There are 2 protein chains.
Amino acid sequence: MRATVKDVAKLAGVSPKTVSNVINGIVFVRPETRARVEKALDELDYVPNLSARGLRNGRSGMIGLALPDLLRPYSAEITHLVVELAHDRGWGVQIEQTAAEPEREFQLLSKARANLVDGLILNPVNLDDSAVMSAGPLPAVVLIGDVDQDVVSQVAIDNISAARDMAQHLIDQGFRRIAAVGTPEVPRGASGTGRVGGKTDSVGTAASRLRAIGYSEALAAADLEPIEIALDRWSPEGAATVVGRFLEENETPDAFFCFTDTIATGTLSALWTAGIAVPAECAVAGFDNILESRFTLPPLTTVDFDRRAFVSGALDLLAERMANKDTEPRRIVIPHRIVTRASTARP
Amino acid sequence: MRATVKDVAKLAGVSPKTVSNVINGIVFVRPETRARVEKALDELDYVPNLSARGLRNGRSGMIGLALPDLLRPYSAEITHLVVELAHDRGWGVQIEQTAAEPEREFQLLSKARANLVDGLILNPVNLDDSAVMSAGPLPAVVLIGDVDQDVVSQVAIDNISAARDMAQHLIDQGFRRIAAVGTPEVPRGASGTGRVGGKTDSVGTAASRLRAIGYSEALAAADLEPIEIALDRWSPEGAATVVGRFLEENETPDAFFCFTDTIATGTLSALWTAGIAVPAECAVAGFDNILESRFTLPPLTTVDFDRRAFVSGALDLLAERMANKDTEPRRIVIPHRIVTRASTARP
DNA sequence: TTGAAAGCGTTACCAG
DNA sequence: CTGGTAACGCTTTCAA
């Protein structure tokens with residue numbers, strides 16, 4: 001059995017409270033006593049029971065991180081940073097995946113892992129403002145992504161303008177027939193968004209919708225015809241399949257604007273398979289600037305933003321909410337920029 | 001304030017025990033009483049406090065997952081599967097990263113997150129058998145990777161023979177000058193295959209050492225000269241830089257055997273930059289068969305193993321240890337195979 | 001089948 | 001500066 005404060009106290013000849021004081025190191029303890037306690041601590045190889053501590057002071061020292069799909073390199077980058085930066089603050093990270101079941105987001109939001117996490121960073125997919133609103137008394141939550149709501153704090157990039165910028169970059173390069181890959185699966189028309197709880201079908205993720213809007217706006221402004229290629233899931237295999245089929249059935253466009261770098265990976269593969277040279281015959285652009293996109297062939301033009309600032313901002317906001325639930329929700333927008341690489345070089 | 005069992009009990013006009021019985025659903029409760037309790041549960045939006053439950057039961061319902069570098073797509077795949085399969089067993093997953101500080105592995109091993117996790121899946125890097133031995137009374141731990149020890153349960157692939165098989169595949173394809181990328185950073189001096197004994201300083205990760213051994217063995221058997229390109233970190237940028245420099249200073253080999261697919265990504269990029277065609281002028285092979293390797297240009301020949309079986313095995317072993325700490329440590333070896341794609345086609 | 005009470009390991013309050 | 005004691009919310013003896 002593991003040693004407890006009582007055991008340590010007994011061995012050191014002090015009370016449990018004193019041991020606690022030594023461990024938490026806030027209160028002044030006489031150096032001599034402290035030494036005795038520390039010796040006992042060491043001797044018994046004392047490890048605090050975090051469940052007990054969590055029960056007592058109402059905080060577990062853990063935060064939750066909920067991402068739609070952990071399989072993607074983008075998720076890996078976010079996870080990596082969250083774990084690293086949370087560690088610096090002394091927090092552990094519990095990880096969850098939401099895409100498998102739509103209601104999971106809502107569950108996490110309303111229960112926050114039943115007090116086992118002190119706060120939650122949620123990258124919502126299906127969630128919209130109404131869902132957030134109706135979640136009842138909220139735990140400390142920060143959304144990462146771009147959801148139109150002001151109930152909880154949020155860190156985001158401006159998806160619409162980023163997509164517009166990228167589409168504009170492609171237009172500026174002289175491309176005319178510019179296809180978007182990764183648009184929502186449902187023709188937009190119903191402005192109402194997907195509602196969580198299984199009542200309405202999802203019409204695509206928030207990011208997907210917003211990027212589609214930015215793309216459309218830029219093309220409309222240049223009087224170009226949009227070409228939308230929908231994807232049910234943002235995976236390389238999905239993109240390769242769908243784009244491959246598109247290439248068989250359609251004239252090759254001047255450029256593909258892929259809504260993530262992962263999609264671009266699949267698109268590059270499909271073009272390669274079809275024997276179409278990039279960028280000579282067709283350009284490709286991505287979104288997110290994942291680490292690997294510098295090493296695709298050719299290297300990928302993409303939308304970049306400071307991921308560390310992004311995650312760091314999320315943790316700041318979370319700390320704020322955890323310290324005081326009554327603070328106004330804040331929103332941090334991280335700037336973005338187009339990183340130009342060979343994949344969109346002028347033919 | 002959140003509702004507790006007491007509140008629910010009061011509202012339903014029963015005792016806390018009955019509420020507990022209803023929640024855990026093991027003991028028979030009269031349907032009528034059950035209904036009343038469930039109504040109260042619902043009405044008060046009761047959420048159990050997992051810290052309290054954890055304190056009482058001695059189990060938190062969470063496991064830890066510790067990987068060296070969360071940034072890699074390989075880590076994302078493992079994480080994805082662990083979260084998914086652990087979820088099926090009703091476990092939450094706490095995630096940790098170990099590569100940043102070498103002692104972290106040891107800490108995790110000896111403390112297991114101070115009882116906040118019931119078990120730990122650890123992918124060791126620096127750990128060797130002596131470290132495992134000396135960790136003292138062990139929590140439920142399963143190692144993923146290939147460490148030469150039999151103190152704790154382990155799931156692994158046979159790295160040596162997998163690397164040998166891949167090297168042999170390259171030899172069979174007719175390549176003679178075959179370079180390995182990702183070998184340990186050994187101070188050259190020890191005999192060819194830097195074998196490492198118990199206490200010696202680490203000279204690279206376990207996987208790196210074992211793969212180097214398999215590679216050397218195959219080349220030696222074919223009477224070929226090994227060409228080892230060491231890497232301090234298995235990243236695409238590292239590989240691109242080091243291989244790029246290698247290409248400037250040396251004659252291009254017939255093939256690169258990269259010790260991970262991530263390294264292969266960087267290698268392909270370096271070859272592309274140098275204007276060397278793959279596989280026409282130089283072949284490239286990887287290891288792990290990450291999702292993206294089907295979509296590199298050209299698609300990557302690599303070592304594949306059933307990742308789901310791998311993770312599922314790890315969870316089985318962990319469950320075994322958690323249920324009964326006195327069971328013998330077991331070792332599961334997952335079979336591997338070479339997946340042949342265009343990157344190693346005969347010139 | 002249900003109720004009362006004890007206790008898991010910590011920390012906080014209040015004495016001394 | 002330190003010791004006793006209570007309490008966090010839950011589950012689990014034991015009794016009824």
Side-chain angles (χ1 to χ4, degrees), chain A residues 1-41 44-62 90 111-118 139, chain B residues 1-41 44-62 90 111-118 139:
Chain A
M1 204 49 206
R2 222 138 212 184
T4 73
V5 271
K6 273 186 188 162
D7 302 325
V8 176
K10 196 176 296 173
L11 180 61
V14 297
S15 83
K17 168 62 169 136
T18 307
V19 176
S20 175
N21 281 340
V22 169
I23 292 170
N24 299 305
I26 316 256
V27 189
F28 273 120
V29 180
R30 202 193 314 156
E32 179 195 307
T33 318
R34 164 179 295 273
R36 228 175 42 248
V37 171
E38 276 169 347
K39 181 157 170 294
L41 243 25
L44 295 176
D45 192 27
Y46 171 79
V47 177
N49 181 322
L50 296 187
S51 286
R53 183 176 288 174
L55 173 59
R56 178 59 239 210
N57 43 12
R59 289 173 299 102
S60 64
M62 292 223 293
K111 305 205 170 176
R113 189 65 192 171
N115 300 350
L116 246 192
V117 296
D118 303 331
Chain B
M1 202 51 203
R2 224 141 209 181
T4 75
V5 272
K6 271 185 189 162
D7 302 325
V8 176
K10 196 176 298 174
L11 181 59
V14 297
S15 84
K17 165 67 163 120
T18 306
V19 176
S20 177
N21 281 341
V22 170
I23 292 169
N24 298 304
I26 317 255
V27 189
F28 273 121
V29 180
R30 201 191 315 156
E32 179 195 307
T33 317
R34 165 180 294 274
R36 225 172 48 245
V37 171
E38 276 170 346
K39 180 156 171 295
L41 244 24
L44 294 176
D45 192 26
Y46 171 79
V47 177
N49 181 323
L50 296 186
S51 288
R53 182 177 289 173
L55 174 58
R56 179 64 239 217
N57 303 340
R59 288 174 299 103
S60 64
M62 292 223 294
K111 306 206 172 178
R113 189 66 191 169
N115 301 348
L116 245 194
V117 296
D118 303 330

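Quantities reported herein were computed from a predicted structural model and do not represent experimental measurements. Order of the sequence lines fixes the chain letters, A, B, ..., with proteins taken first and strands second; residue numbering starts at 1 for each chain.
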*Asks:* Using five base pairs at each end to define the local axes, how bent is the helix from C:dT1-D:dA16 to C:dG16-D:dC1, to the nearest 10°?
*Replies:*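 Terminal axis comparison yields 40°.
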*Asks:* Nearest heavy atom decides the nucleotide; on that basis, is A:Val19 or B:Asn57 closer to the 5' end of DNA chain C?
*Replies:*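 Final value for this comparison: B:Asn57.
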*Asks:* Out of C:dG3, D:dG9, C:dT11, which has the shortest distance to the side chain of B:Ala52?
*Replies:*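 The answer is D:dG9, which lies nearest to the side chain.
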*Asks:* How long is the straight-line distance from CG of A:Asn21 back to OG1 of A:Thr33, given to the nearest 0.5 Å?
*Replies:*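 Answer rounded to 0.5 Å: 10.5 Å.
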*Asks:* Do the side chain of A:Asp118 and the main chain of A:Arg59 share a donor and acceptor less than 3.5 angstrom apart?
*Replies:*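 Side chain of A:Asp118 to backbone of A:Arg59: no pair is present.
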*Asks:* Testing the basics here: between B:Ala12 and B:Ala40, what is the closest heavy-atom pair and its distance to 0.1 Å?
*Replies:*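 Shortest heavy-atom contact: CB-CB, 3.9 Å.
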*Asks:* Take the protein atom CG of A:Leu55 and the nucleotide atom P of C:dC8, then report the distance between them rounded to whole Å.
*Replies:*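 Value for this atom pair: 13 Å.
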*Asks:* Identify all pairs in which a protein N or O lies below 3.5 Å from an N or O of nucleotides 14-16 of chain C, and state each distance.
*Replies:*
none

*Asks:* Tell me which of B:Gly13 and A:Val5 sits closer to the 5' end of DNA chain C, going by the nucleotide each one is nearest to.
*Replies:*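 Per heavy-atom nearest nucleotide, the more 5' residue is B:Gly13.
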*Asks:* To the nearest Å, give me how far apart CZ (B:Arg59) and P (D:dT11) are.
*Replies:*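 B:Arg59 atom CZ is separated from D:dT11 atom P by 10 Å.
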*Asks:* Find the distance B:Leu50:CG to D:dC10:P and express it as a whole number of Å.
*Replies:*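 Atom-to-atom, B:Leu50 to D:dC10, this comes out as 9 Å.
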*Asks:* Checking A:Lys6 now: which residues fulfil side-chain contact (heavy atoms from CB on, under 4.5 Å) with it, not counting sequence neighbours?
*Replies:*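 Result, side-chain contact (heavy atoms from CB on, under 4.5 Å) vs A:Lys6: A:Thr4, A:Pro16.
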*Asks:* State which residues pass side-chain hydrogen bond (donor to acceptor under 3.5 Å, both in side chains) with B:Lys39; sequence neighbours excluded, sorted by chain then number.
*Replies:*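 Partners of B:Lys39 under the side-chain hydrogen bond (donor to acceptor under 3.5 Å, both in side chains) test: B:Glu43.
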*Asks:* Let me confirm one number: the CG-CE distance from B:Leu116 to A:Met62, rounded to the nearest 0.5 Å.
*Replies:*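 Rounded to the nearest 0.5 Å, the CG-CE separation comes to 5.0 Å.
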*Asks:* To the nearest Å, give me how far apart CZ (A:Arg36) and P (D:dC1) are.
*Replies:*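 After rounding, the gap between these two atoms is 15 Å.
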*Asks:* May I ask you to verify if any side-chain N or O of B:Arg56 is less than 4.0 angstrom from the OP1 or OP2 atom of D:dT12?
*Replies:*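 Result: no.
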*Asks:* Does a side-chain N or O from A:Thr33 land closer than 4.0 Å to OP1 or OP2 of D:dT2, or not?
*Replies:*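 For D:dT2, OP1/OP2 do have a side-chain N/O of A:Thr33 under 4.0 Å.
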*Asks:* Can you tell me the distance, in whole Å, between the OH atom of A:Tyr46 and the C1' atom of C:dT11?
*Replies:*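 A:Tyr46 atom OH is separated from C:dT11 atom C1' by 10 Å.
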*Asks:* Sequence neighbours left out, what passes salt bridge (Lys or Arg N to Asp or Glu O under 4.0 Å) with B:Arg36? Give chain and number order.
*Replies:*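 In terms of salt bridge (Lys or Arg N to Asp or Glu O under 4.0 Å), with neighbours along the sequence ignored, B:Arg36 is linked to B:Glu32.
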*Asks:* Think A:Arg53 has a side-chain N or O under 4.0 angstrom from the OP1 or OP2 of C:dT11?
*Replies:*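 Yes, because at least one side-chain N or O of A:Arg53 sits under 4.0 Å from OP1 or OP2 of C:dT11.
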*Asks:* Between C:dC8 and A:Thr4, is there an OP1 or OP2 to side-chain N/O distance shorter than 4.0 Å?
*Replies:*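 Negative; the distance criterion is not met.
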*Asks:* Within this structure, what is the CG-to-P distance between A:Asn21 and D:dC1, rounded to whole angstrom?
*Replies:*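 Atom CG in A:Asn21 sits about 11 Å away from atom P in D:dC1.
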*Asks:* Hey, what do you get for CZ (B:Arg56) to OG (B:Ser51), rounding to the nearest 0.5 Å?
*Replies:*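 The OG atom of B:Ser51 is 15.5 Å from CZ of B:Arg56, to the nearest 0.5 Å.
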*Asks:* What is the distance, rounded to the nearest whole Å, between atom CG of B:Asn49 and atom C1' of C:dT10?
*Replies:*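 Atom-to-atom, B:Asn49 to C:dT10, this comes out as 13 Å.
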*Asks:* List the residues meeting side-chain contact (heavy atoms from CB on, under 4.5 Å) with B:Val5, not counting sequence neighbours, and say none if there are none.
*Replies:*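 In terms of side-chain contact (heavy atoms from CB on, under 4.5 Å), with neighbours along the sequence ignored, B:Val5 is linked to B:Val19, B:Ile23, B:Tyr46.
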*Asks:* Would you give the length of the straight line joining atom CG of B:Leu55 to atom OG of B:Ser60, rounded to the nearest 0.5 angstrom?
*Replies:*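 If we round to the nearest 0.5 Å, B:Leu55:CG and B:Ser60:OG are 11.5 Å apart.
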*Asks:* What integer distance in Å separates B:Lys6:NZ from C:dG3:P?
*Replies:*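 To the nearest whole Å, that distance equals 15 Å.
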